[in-house]
Amino acid sequence: MSDPRRLLPVWLVAGLLAVGVLPRPADAQGARSKFERHLTAAARLYEALEYERALTQIELARKQPHSSDQEVELSLYEGIILAESGKQESSTAAFKSALLVQPDAKLPVKVSPKVNTFFESVREQVKRELAALAPKEPPKAEPPPPQPVAAPPAAVATQSPVLKGLRSAAPVTAIAGGTLFVAGGITYALSRSELGRLRDNDAALDSQEAVDKTVSKGRTLQTVGVGLAVAGTAGLLAAAGGFLLGSPEAPVAVGLGTDGTSAFVFGRWP
């Protein structure tokens with residue numbers, strides 16, 4: 001896959017690099033190297049039973065640019081070290097922070113049976129919480145009984161003018177779609193804030209009940225945010241379709257028919 005920056009003019013790429021908008025390759029490589037050094041140091045200190053120093057290295061690694069998968073790995077290491085230190089509540093929060101992103105994540109190092117059992121219990125708890133938040137499928141409706149075949153309808157075909165309302169309504173639909181999309185982004189950001197409270201061991205999370213409420217709130221905000229963003233995108237697409245289909249140059253042939261009990265419209269769109 002080609003680098004997206006190659007699609008930009010050379011002078012624009014140079015200007016963006018100058019003001020720091022685009023990351024310099026050397027800087028990005030250096031950030032990755034620092035992250036890997038801190039993570040490797042944390043793993044070695046854990047093996048040497050230097051738990052406090054290992055946690056310090058994890059915090060230093062977290063300050064470096066890293067991916068979502070790397071954040072999961074950091075949280076797993078943090079949960080292991082806290083569990084070995086006897087801090088079960090903090091360990092639970094760290095494990096949940098990783099499992100909420102990757103419910104099937106595996107521990108990066110071999111641990112004692114006690115810690116492994118504790119980790120699996122947290123995994124089951126997270127899966128139950130996610131299942132409770134998942135939308136339930138509506139019951140399947142029974143098919144309607146077969147209806148007798150009606151006689152051919154007596155239809156009167158007419159030639160309708162263009163549906164100019166599609167184009168006139170497009171700006172309103174676009175504004176509504178954009179508003180929903182922005183609201184979805186804000187709601188999703190709030191969900192990430194709740195996840196950050198778990199990751200940073202917020203002092204307010206002083207009980208298992210508080211941790212569970214924070215997880216539930218974060219998951220709900222995430223679901224609502226994604227739903228709003230999807231609805232906003234659909235609104236923008238509908239606005240674009242209405243603008244195109246409402247073009248005054250494209251006539252629409254529409255017919256009106258009836259079978260004696262109901263009326264229906266038929267025809268061909270452009």
Side-chain angles (χ1 to χ4, degrees), residues 34-134 187-225:
K34 289 182 180 179
F35 175 85
E36 292 169 358
R37 286 201 300 269
H38 289 308
L39 181 59
T40 301
R44 291 178 178 175
L45 289 169
Y46 162 72
E47 293 175 356
L49 306 182
E50 295 286 346
Y51 296 149
E52 293 299 328
R53 295 177 60 190
L55 290 174
T56 299
Q57 291 298 319
I58 289 176
E59 291 303 317
L60 292 174
R62 186 166 276 141
K63 293 178 181 179
Q64 304 299 324
H66 56 282
S67 65
S68 176
D69 290 341
Q70 290 172 328
E71 176 61 30
V72 169
E73 187 175 8
L74 286 177
S75 297
L76 290 175
Y77 267 112
E78 185 179 19
I80 292 170
I81 295 170
L82 291 170
E84 293 286 5
S85 302
K87 302 176 181 179
Q88 287 196 353
E89 290 188 3
S90 299
S91 176
T92 299
F95 282 147
K96 280 190 173 183
S97 178
L99 293 171
L100 285 171
V101 179
Q102 294 183 9
D104 296 325
K106 297 181 180 180
L107 294 177
V109 293
K110 187 176 181 180
V111 298
S112 64
K114 178 181 178 181
V115 174
N116 187 68
T117 301
F118 176 69
F119 172 71
E120 292 301 330
S121 68
V122 176
R123 187 201 302 277
E124 292 301 321
Q125 181 180 354
V126 169
K127 287 186 176 182
R128 288 194 300 269
E129 293 173 355
L130 294 178
L133 293 175
T187 306
Y188 187 83
L190 292 175
S191 73
R192 303 305 298 175
S193 175
E194 294 296 324
L195 181 60
R197 293 183 62 197
L198 291 174
R199 184 189 63 194
D200 297 334
N201 295 326
D202 192 335
L205 303 177
D206 55 352
S207 66
Q208 184 63 42
E209 182 180 359
V211 171
D212 292 342
K213 287 183 179 180
T214 299
V215 171
S216 177
K217 182 179 179 181
R219 186 62 181 176
T220 301
L221 289 173
Q222 180 178 344
T223 303
V224 173

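Only this structure's heavy atoms are used, side chains among them; waters, hydrogens and symmetry mates stay out. Computed from a prediction, not measured in an experiment: that's the story for all the values here.
Side-chain contact check for Leu55 versus Leu82: some heavy-atom pair is nearer than 4.5 Å. By the 4.5 Å heavy-atom criterion applied to side chains, Pro65 and Gln70 are not counted as neighbours. Between Glu78 and Glu59 the shortest side-chain heavy-atom distance falls below 4.5 Å. Side-chain contact between Leu130 and Leu100 is present, with heavy atoms from C-beta onward closer than 4.5 Å. Side-chain contact between Ser68 and Gln102: absent, with no pair of heavy atoms (C-beta onward) separated by less than 4.5 Å.
Counting only distance, with no hydrogens or angles, the side chain of Thr92 and the backbone of Gln88 share a donor-acceptor pair below 3.5 Å. Thr56 places a side-chain N or O within donor-acceptor distance of the main-chain N or O of Glu52, the cut-off being under 3.5 Å. Ser121 places a side-chain N or O within donor-acceptor distance of the main-chain N or O of Phe118, the cut-off being under 3.5 Å. Side chain of Arg123 to backbone of Pro103: a donor-acceptor contact under 3.5 angstrom is found.
When every heavy atom of Tyr77 is checked against every heavy atom of Ala43, the shortest pair comes out as OH-CB, 3.7 Å. Nearest heavy atom pair, residue Lys96 against residue Val126, reads CG-CG2, 3.7 Å. The nearest pair of heavy atoms linking Ser91 to Ala83 is OG-CB, 3.4 Å. Residue Ala61 comes nearest to His38 through the heavy atom pair CB-CB, 3.5 Å, listed as atom of the first residue, atom of the second, then distance.
For the atom pair CG (Leu39) and CG (Leu60), the distance works out to 12.0 Å, reported to the nearest 0.5 Å. In this structure, CG on Leu76 lies 12.5 Å from NZ on Lys106, to the nearest 0.5 angstrom. Considering CD of Glu50 and CD of Gln57, their distance stands at 11.5 Å, rounded to 0.5 Å. Atom CD1 of Ile80 is separated from atom OH of Tyr51 by 10.5 Å, given to the nearest 0.5 angstrom.
Between Phe95 and Phe119, the ring planes lie perpendicular to each other; the angle is over 60°, past the 30° to 60° tilted range.
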- Give the C-alpha distance, both sets of side-chain angles, the deciding distance and a yes or no for side-chain contact (heavy atoms from CB on, under 4.5 Å) between Phe35 and Leu74. CA-CA 10 Å; Phe35 175 85; Leu74 286 177; 3.6 Å; yes

- Trace of the side-chain contact (heavy atoms from CB on, under 4.5 Å) decision for Asp104 with Lys127: CA-CA 9 Å; Asp104 296 325; Lys127 287 186 176 182; 3.5 Å; yes

- Message: Set out, in order, the CA-CA distance, both residues' side-chain angles and the distance that settles side-chain contact (heavy atoms from CB on, under 4.5 Å) for His66 and Glu73, then state yes or no.
- Response: CA-CA 11 Å; His66 56 282; Glu73 187 175 8; over 6 Å; no

- Task: Run the numbers on Glu71 and Val101 for side-chain contact (heavy atoms from CB on, under 4.5 Å), then give the verdict.
- Result: CA-CA 10 Å; Glu71 176 61 30; Val101 179; over 6 Å; no

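Take Arg219 and apply the side-chain hydrogen bond (donor to acceptor under 3.5 Å, both in side chains) test, not counting sequence neighbours, and it matches no residue.
For the pair Arg44 and Glu47, the salt-bridge criterion is not met [side-chain N within less than 4.0 Å of a carboxylate O].
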